[in-house]
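Read through the structure below, which is laid out as structure tokens, and then see the notes.
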Amino acid sequence: MAPSADLVDPDAGFLAALEATLGPGAVSPPEQRYLEEPRGLYAGEAAALLRPRDTAAVAAAVRLCSEARVGIVPYGGGTGLVGGQLRTGRPRPVILSLERMKAVRRVDAADAAMTVEAGVILVEAQAAAERAGLLFPLSLASEGSARIGGVLATNAGGITVLRYGNARELCLGIEAVLADGSVFNGLSALRKDNTGYDLKGLLVGSEGTLGVITAASLRLFPRPAETATAWLAVPSIAAALELLGRLREALGDAVSAYELMHGTGLAFVAETMPEVAQPLAERPLWSVLIEAGTGAGFGLAGRLEAGLEAAWGDGLIDDALVAQNAAQRAAFWRVRESMSEANRRIGAISSHDISVPPSRVAAFVEQGRAALEAVDPGLRINCFGHLGDGNLHYNVFPPAGRNRAEYMALLPRIRAGVYDNCVGLGGSISAEHGIGRMRRDDLARYLDPAKLAAIRAIKTALDPRGILNPGALLPD
Ligand SMILES: Cc1cc2nc3c(=O)[nH]c(=O)nc-3n(C[C@H](O)[C@H](O)[C@H](O)COP(=O)(O)OP(=O)(O)OC[C@H]3O[C@@H](n4cnc5c(N)ncnc54)[C@H](O)[C@@H]3O)c2cc1C
């Protein structure tokens, strides 16, 4: 039996004790928005919302919950896409929101690092780096709401992984409250630290199940002096990959984003968000949005245009638009960033976030189409994502004019079709969104058994009472 089976619903006396410890206003009934998530698939339950102001208060709250066996759901910006930030069902947990811990504690140009608290919103972290003339490169469409604690807890990826790595690779150190209320003071800015197991690396991506992240030390980079952005129509995924290889050769590691989009996604944006202008008059089957950045004097724009011209000559691209100014660049990105909202408005039966080796993306798409046609030939697929990382957001929709509710009975076969195909090609069933509650059963089915056993053992060792995010990642 999982340790979280012994959890209890907090009573009024316990909540009063929490308030006495955390101070007035730090414990309140949860507003509805804390019980919802972006896809509208889960409805959360919680006995209270805790909003502590500092690490000591987080530690005190966790200690009290541990003693009373009350579950805790750590909460950032609520943008997670796998239902990790809310608990459905009983016993009810408390939600522990880090939103009041918003200090930028330090930005250090010499160490190329900054220390920020978990409640800092991602765009605020980017802005703090920019004020110091540096770059914090992590970038996601949800960056206006997602908080540092959340992006680390989910090991978020986004559009710049190709060049700068995901959240784990951008994190040098962590401060976190563990399940017994002890504080792990791991806020170093060291690039090298081989003192035993990598606890920081383990907490990053643990989705609130091993500790509450309260602050982090993050890597910073020089800001590119020259940037270039282009929108391309490409004849195939294979051509897009070959082009990426050539451009990386020609531009060094300057390519920071390489986003692939299927024509179905562009059609969804056109249908549901006609106010979003699309770069090309004709809607190609595959499009790529590329961005690169370099130091001054590189002549990036000229080199990129030369590379694209050569690629056009060799049949690797059908059409290209290079952004001539910041407004055009923003317009290109707006199309890409509208994709999730357009999908939501159309209403997916099933959403997936898979990765395969980049060389196998084309095979994944081809085989995936065949597998889903066998389920129902009318299903529509919108896939888009970070081609350079082999990461596709692969979403399956009902035929045009039909409602997803009519097709939900097909969900198990659709999931099996997508994940069997992905795992058969050496891929992962969760590239960047995590497991949460949505992919818990799929994890048990597809993960390497030795890894799953290690995950269970680590959870039991670090959270023996099962209070931290019960039901996320592993079943209750
Ligand atoms: C429009 C849109 C686009 C997105 N694009 C991307 C993308 O390109 N790449 C990508 O990787 N993701 C993407 N995401 C999902 C992504 O996981 C989240 O945006 C983000 O990483 C979660 O941060 P959050 O602060 O909102 O966390 P929440 O949603 O609040 O929480 C997510 C998980 O982290 C845990 N958690 C939160 N804070 C803490 C903490 N301080 N300590 C411990 N655990 C904590 C929660 O318990 C939960 O399990 C997107 C989401 C949306 C809505």
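Remember, it's 1-based here, ligands and their atoms both numbered in the order they're listed.
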Below 4.0 angstrom from a heavy atom of [X], which ligand 1 atoms are there? Numbered from 1 as shown, please.
X    : result
G208 : 43 (C), 44 (N)
L98  : 41 (N)
A141 : 3 (C)
A156 : 11 (O), 21 (O)
N469 : 47 (O), 49 (O)
Y75  : 30 (O), 37 (C), 38 (N)
A153 : 34 (O), 35 (C), 36 (N), 43 (C), 44 (N), 45 (C)
R147 : 24 (P), 25 (O)

Any nitrogen or oxygen of [X], side chain or backbone, less than 3.5 Å from one on ligand 1?
X    : result
L81  : no
S340 : no
V212 : no
I213 : yes

At what distance, to the nearest 0.5 angstrom, does [atom1] of [X] lie from [atom2] of [Y]?
X    : Y    : atom1 : atom2 : answer
L304 : T229 : CG    : OG1   : 9.0 Å
T264 : E271 : OG1   : CD    : 11.0 Å
S206 : I435 : OG    : CD1   : 12.5 Å
L280 : L232 : CG    : CG    : 9.0 Å

Does [X] come within less than 4.0 Å of [Y], counting only side-chain N to carboxylate O?
X    : Y    : result
R344 : E341 : yes
R106 : D111 : yes
E117 : K102 : no

> Which pairs, with at least one residue in residues 39-50 and sequence neighbours excluded, count as a salt bridge (Lys or Arg N to Asp or Glu O under 4.0 Å)?
Replying inline: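 Listed once each, the pairs are E45-R90.
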> Which option, G149, P38, G211, owns the non-hydrogen atom nearest atom 43 (C) of ligand 1?
Replying inline: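 Minimum heavy-atom distance to atom 43 (C) of ligand 1 goes to G211.
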> With respect to atom 53 (C) of ligand 1, which of L140, T79, L210 exhibits the smallest heavy-atom separation?
Replying inline: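 Looking at heavy atoms only, the winner is T79.
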> Partners of Y407 by ring-ring contact (aromatic ring centres under 6.0 Å, His included), sequence neighbours excluded?
Replying inline: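 Scan of Y407 (ring-ring contact (aromatic ring centres under 6.0 Å, His included), adjacent residues dropped) gives none.
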> Relative to ligand 1, is V151 under 4.0 angstrom through side chain, backbone, both or neither, heavy atoms considered?
Replying inline: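 Both of them.
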